[in-house]
2 protein chains.
Amino acid sequence: MKKGSDNTMKDIALELGLSSSTVSRALQDHPHISQETKIKVNEAANRLGYSYNAVAASLRNSKSNTIGLIIPRISRYYQSTVITAIQNKLHEHKYNLMICQSNESHELEKELVNALYASRVEGLIVSSTLNTTDFAHFDVFSRSNRPLVFFDRVPKNYPAHKIQGDDYHGANMATNHLLTQGCRNVAFIGGPLFCNLYRERYEGYADALKGYELSPGPNRTFFHDLTKESALQSCEALFSGKRDTWPDAVFCCNDTVALAVTTYAKNRGVEIPAQLKITGYSNDPLTEIIKPTITSVEQYPSEVGTQAAGMIMNLIQQKLKPGKNYISVTIAVDLVKRDSTDK
Amino acid sequence: MKKGSDNTMKDIALELGLSSSTVSRALQDHPHISQETKIKVNEAANRLGYSYNAVAASLRNSKSNTIGLIIPRISRYYQSTVITAIQNKLHEHKYNLMICQSNESHELEKELVNALYASRVEGLIVSSTLNTTDFAHFDVFSRSNRPLVFFDRVPKNYPAHKIQGDDYHGANMATNHLLTQGCRNVAFIGGPLFCNLYRERYEGYADALKGYELSPGPNRTFFHDLTKESALQSCEALFSGKRDTWPDAVFCCNDTVALAVTTYAKNRGVEIPAQLKITGYSNDPLTEIIKPTITSVEQYPSEVGTQAAGMIMNLIQQKLKPGKNYISVTIAVDLVKRDSTDK
DNA sequence: TGCAAATATGCAATCGATTTCTAATATATT
DNA sequence: AATATATTAGAAATCGATTGCATATTTGCA
């Protein structure tokens with residue numbers, strides 16, 4: 001073997017007195033090659049420690065067998081579960097996954113789109129940054145006809161395929177559940193409304209209230225990043241006045257916030273669920289750990305990932321020919337009732 | 001633009017009446033090209049929607065700017081935090097990361113090593129499968145002089161660079177803490193001893209006992225996969241006999257097990273920490289959520305990831321020239337004392 | 001025997017960026 | 001004026017696998 005480099009098909013050919021065409025075809029089990037030759041080639045390949053060069057094949061075939069993924073953060077339950085599902089699905093099709101984190105930075109997201117395009121990934125799966133409202137940087141993919149699938153954080157007005165949870169229904173179910181349990185003063189803590197996720201959930205929440213001839217009261221709705229810190233600030237606002245102004249329920253748009261609210265209430269001596277009922281979103285395992293256990297909305301992240309990867313593969317293999325149309329798949333959600341809402 | 005394909009440097013050259021050599025150099029800001037030409041080339045590149053083809057460059061330069069990662073599962077707190085750190089570090093160096101999950105399957109791990117090698121990743125970061133004892137399938141990397149760094153699950157007798165937590169010390173600290181708190185009947189639940197992680201932790205545990213002239217009692221040590229289900233079985237074994245045969249502490253090798261034991265004990269009416277003290281491992285956020293909060297060992301996963309990625313980059317850039325030697329970095333751990341051990 | 005069809009293999013171009021070597025100007029130096 | 005030295009640009013080979021087309025050999029069948 002030449003120093004520092006690998007044996008190639010040419011080396012096998014040389015060794016056997018064949019042409020590299022024959023070697024290539026033999027390794028692909030091409031019908032025009034005799035059994036005898038195939039055996040000799042495979043044997044020589046093993047003997048020489050030959051390793052297929054996917055980069056060269058990728059260039060020649062314009063086929064990288066790689067899919068790109070851009071996601072704000074991978075270290076959250078929902079996200080990492082989606083990734084696992086994508087990964088496993090793609091592996092069935094012998095595709096690799098190149099994962100990039102945008103760290104919620106719009107600029108970084110742009111950069112990553114271009115880097116992945118330069119790597120000639122055959123398709124791109126994206127959950128965009130919270131503050132991505134301009135999606136023009138994804139145009140490279142649409143222009144060159146490479147499948148582009150958004151999930152979770154999906155654009156409203158940008159033409160692309162989408163996999164979404166049924167956010168409206170999830171929030172609507174959760175809020176209705178709170179109302180059924182007798183709550184009439186239900187607060188809402190969510191992300192910014194320009195993000196589809198939270199807008200849908202807000203509407204599901206508001207419509208549920210409407211069903212009871214209620215509407216979101218003053219100082220009852222909060223829109224900010226869904227961290228513990230921000231959640232605690234909203235709690236301060238909610239529970240600052242006299243006791244009779246306090247809410248009797250809080251619908252939280254993720255489980256981190258639900259957890260923070262639960263902890264805050266407990267510290268404040270507010271009894272859950274008797275005086276305050278709480279629902280979260282995502283059904284993070286933590287909701288079952290804390291006392292009281294927290295009612296939450298199951299989003300079936302594995303299903304989301306499997307669908308996203310499956311759709312990308314179908315688009316690549318042209319089993320799916322949407323033409324100028326865009327497909328939008330809504331994944332059903334379920335409300336998992338637990339102690340925080342008295343079941 | 002030709003249908004379905006991208007403009008290349010050749011297209012820019014054609015457009016401007018230059019050669020593709022000049023275009024290549026202009027885009028690289030090569031000193032032998034005039035400012036005027038550079039400006040024209042860049043302008044034309046933008047106009048034509050030119051996109052750099054990293055695959056072609058990769059083939060020509062034998063440089064993929066990609067690192068591979070093989071890991072049993074990505075959807076756990078420790079793992080996903082490590083990945084985030086690796087990812088961010090590599091991005092600083094303009095490297096991409098190709099992530100693969102072995103799903104704890106040794107066969108799949110083999111397959112993934114070859115697939116990543118075929119993609120000509122410049123280095124490989126690995127946390128191996130629990131049942132990987134033969135590491136020969138990683139030879140392709142060592143043979144071709146491509147950096148190979150293991151972390152967490154690290155081989156004992158295989159020559160490679162390693163990033164490990166100080167498992168011995170972590171377990172030793174935790175056990176000593178339990179002993180200091182007065183426990184004299186400390187059980188151990190860990191993974192199989194042929195895995196470095198658990199062997200080290202077991203030794204740290206056993207040596208701590210020795211310091212108190214104790215040794216692991218009969219039916220006090222358990223070695224199995226660290227799931228909730230297995231943990232509950234071990235609990236049954238621990239608490240099957242009469243009350244005076246019960247342990248007064250359990251050292252658990254991960255937080256999932258610690259959680260399971262805590263839940264089991266609570267259901268059984270065993271008071272924590274009064275009658276039973278529990279320690280976990282990894283300092284998963286869940287340890288702070290449950291009541292009582294669980295004492296655990298912080299492994300600084302971000303540091304592990306940063307070190308692993310940093311080492312790979314140094315090896316690639318030859319800032320680190322270990323020659324025939326192998327580097328082993330031990331990441332310090334800390335004991336985080338919480339309610340489950342009465343602090 | 002003769003011609004068609006089947007079987008097995010090789011030649012050479014291709015994918016797109018890079019780089020060595022060569023060559024053509026232009027400017028500087030004595 | 002003549003030679004030396006920058007400066008700028010191009011031609012062509014290269015990386016390794018693939019494949020359309022051409023070619024050579026064998027078998028089949030009338």
Side-chain angles (χ1 to χ4, degrees), chain A residues 1-42 44-45 48-66 115 117-120 122 144, chain B residues 1-42 44-45 48-66 115 117-120 122 144:
Chain A
M1 198 187 330
K2 281 163 286 176
K3 187 168 139 269
S5 84
D6 302 291
N7 276 321
T8 68
M9 292 192 179
K10 209 172 172 178
D11 297 316
I12 298 179
L14 233 53
E15 170 91 3
L16 298 175
L18 291 170
S19 74
S20 54
S21 325
T22 303
V23 172
S24 171
R25 284 191 264 250
L27 291 173
Q28 291 178 75
D29 201 19
H30 190 287
H32 283 184
I33 303 294
S34 67
Q35 274 310 316
E36 195 192 3
T37 305
K38 285 181 187 170
I39 292 171
K40 276 199 305 190
V41 168
N42 278 297
L48 297 179
Y50 168 76
S51 156
Y52 184 77
N53 188 324
V55 176
S58 183
L59 175 60
R60 163 67 214 226
N61 303 331
S62 308
K63 194 155 187 339
S64 62
N65 272 70
T66 302
Y117 191 84
S119 295
R120 294 295 185 270
E122 293 179 42
S144 70
Chain B
M1 197 189 332
K2 280 162 287 171
K3 185 168 140 271
S5 85
D6 302 290
N7 277 321
T8 68
M9 292 192 178
K10 207 171 174 180
D11 297 315
I12 299 179
L14 234 53
E15 169 93 4
L16 297 176
L18 291 170
S19 74
S20 55
S21 324
T22 303
V23 173
S24 172
R25 285 191 263 251
L27 291 173
Q28 291 178 76
D29 202 19
H30 190 286
H32 283 185
I33 303 293
S34 68
Q35 275 309 314
E36 195 191 5
T37 305
K38 285 180 186 170
I39 292 170
K40 276 198 306 187
V41 168
N42 278 296
L48 297 179
Y50 168 76
S51 157
Y52 183 78
N53 188 325
V55 175
S58 183
L59 176 60
R60 164 66 216 229
N61 303 330
S62 308
K63 195 158 187 337
S64 62
N65 272 71
T66 302
Y117 190 84
S119 295
R120 294 296 185 270
E122 293 180 41
S144 70

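All chains are named by letter (A, B, ...) in the order of the sequence lines, taking the proteins before the strands, and each is independently numbered beginning at 1.
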From [options], nucleotide with atom closest to [X] side chain:
X     : options                : value
A:R60 : C:dC15, C:dG16, C:dT18 : C:dC15
A:S21 : C:dC15, C:dA12, C:dT18 : C:dA12
B:A57 : D:dA17, D:dA11, C:dT18 : C:dT18
A:Y52 : D:dG16, D:dA13, D:dT18 : D:dT18

- [ ] Return yes when atom NZ of A:K63 has more than 12 non-hydrogen atoms of other residues, nucleotides or ligands closer than 6.0 Å, and no otherwise.
- [x]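 Check passes, neighbour count above 12.
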Open item on the list: Go nucleotide by nucleotide along DNA chain D from the 5' end; which of B:S62 and B:S20 gets its closest nucleotide reached first?
Closed with: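 By nearest-heavy-atom nucleotide position, the 5'-most residue is B:S20.
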Open item on the list: Any donor-acceptor pair under 3.5 Å linking the side-chain atoms of A:Y117 with those of A:S144?
Closed with: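 Present: a donor and an acceptor within the cut-off.
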Could you list the protein-to-nucleotides 24-26 of chain D atom pairs, N/O on both sides, closer than 3.5 Å?
none

Open item on the list: Which is more 5' along DNA chain C, the nucleotide nearest B:N53 or the one nearest B:T22? Just name the residue.
Closed with: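 Closest to the 5' end, via its nearest nucleotide, is B:N53.
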Should [X] and [Y] count as side-chain neighbours, where that means a heavy-atom distance under 4.5 Å?
X     : Y      : result
A:S51 : B:R120 : yes
B:S34 : B:K38  : no
B:T22 : B:T37  : yes
B:N65 : B:S58  : no
B:L27 : B:N42  : yes

Task: Pair of N/O donor and acceptor under 3.5 Å linking D:dG20 base with A:R25 side chain - done: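 Looking at the base of D:dG20, it does pair with a donor or acceptor on the side chain of A:R25 (distance under 3.5 Å).
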- [ ] Under 4.0 Å from any atom of DNA chain C, heavy atoms only: list the residues of residues 28-37 of chain B that qualify, in numerical order.
- [x]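 Contacts with DNA chain C under 4.0 Å: B:Q28.
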Open item on the list: Whether A:S19 contacts C:dT9 is assessed here as follows: a side-chain N or O lying under 4.0 Å from the phosphate OP1 or OP2. Is that the case?
Closed with: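 So the side-chain polar atoms of A:S19 never come under 4.0 Å of the phosphate oxygens OP1 or OP2 of C:dT9.
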Open item on the list: What is the distance, to the nearest angstrom, from the CG atom on B:L27 to the C1' atom on C:dA17?
Closed with: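 About 10 Å, once rounded to whole Å.
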TODO: Kindly compute the distance separating CG (B:L59) from CG (A:L59), expressed to the nearest 0.5 Å.
DONE: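 Spacing of CG (B:L59) from CG (A:L59) equals 6.0 Å.
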TODO: Quick one: closest heavy-atom pair of B:V23 and B:V41, and the distance?
DONE: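 Residues B:V23 and B:V41, closest heavy atoms: CG1-CG1, 4.0 Å.
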- [ ] Remember a base hit wins even if backbone is also touched, and classify A:L18 as base, sugar-phosphate or nothing at under 4.0 Å, heavy atoms.
- [x]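 The answer is sugar-phosphate, as A:L18 gets under 4.0 Å only of primed atoms, P, OP1 or OP2.
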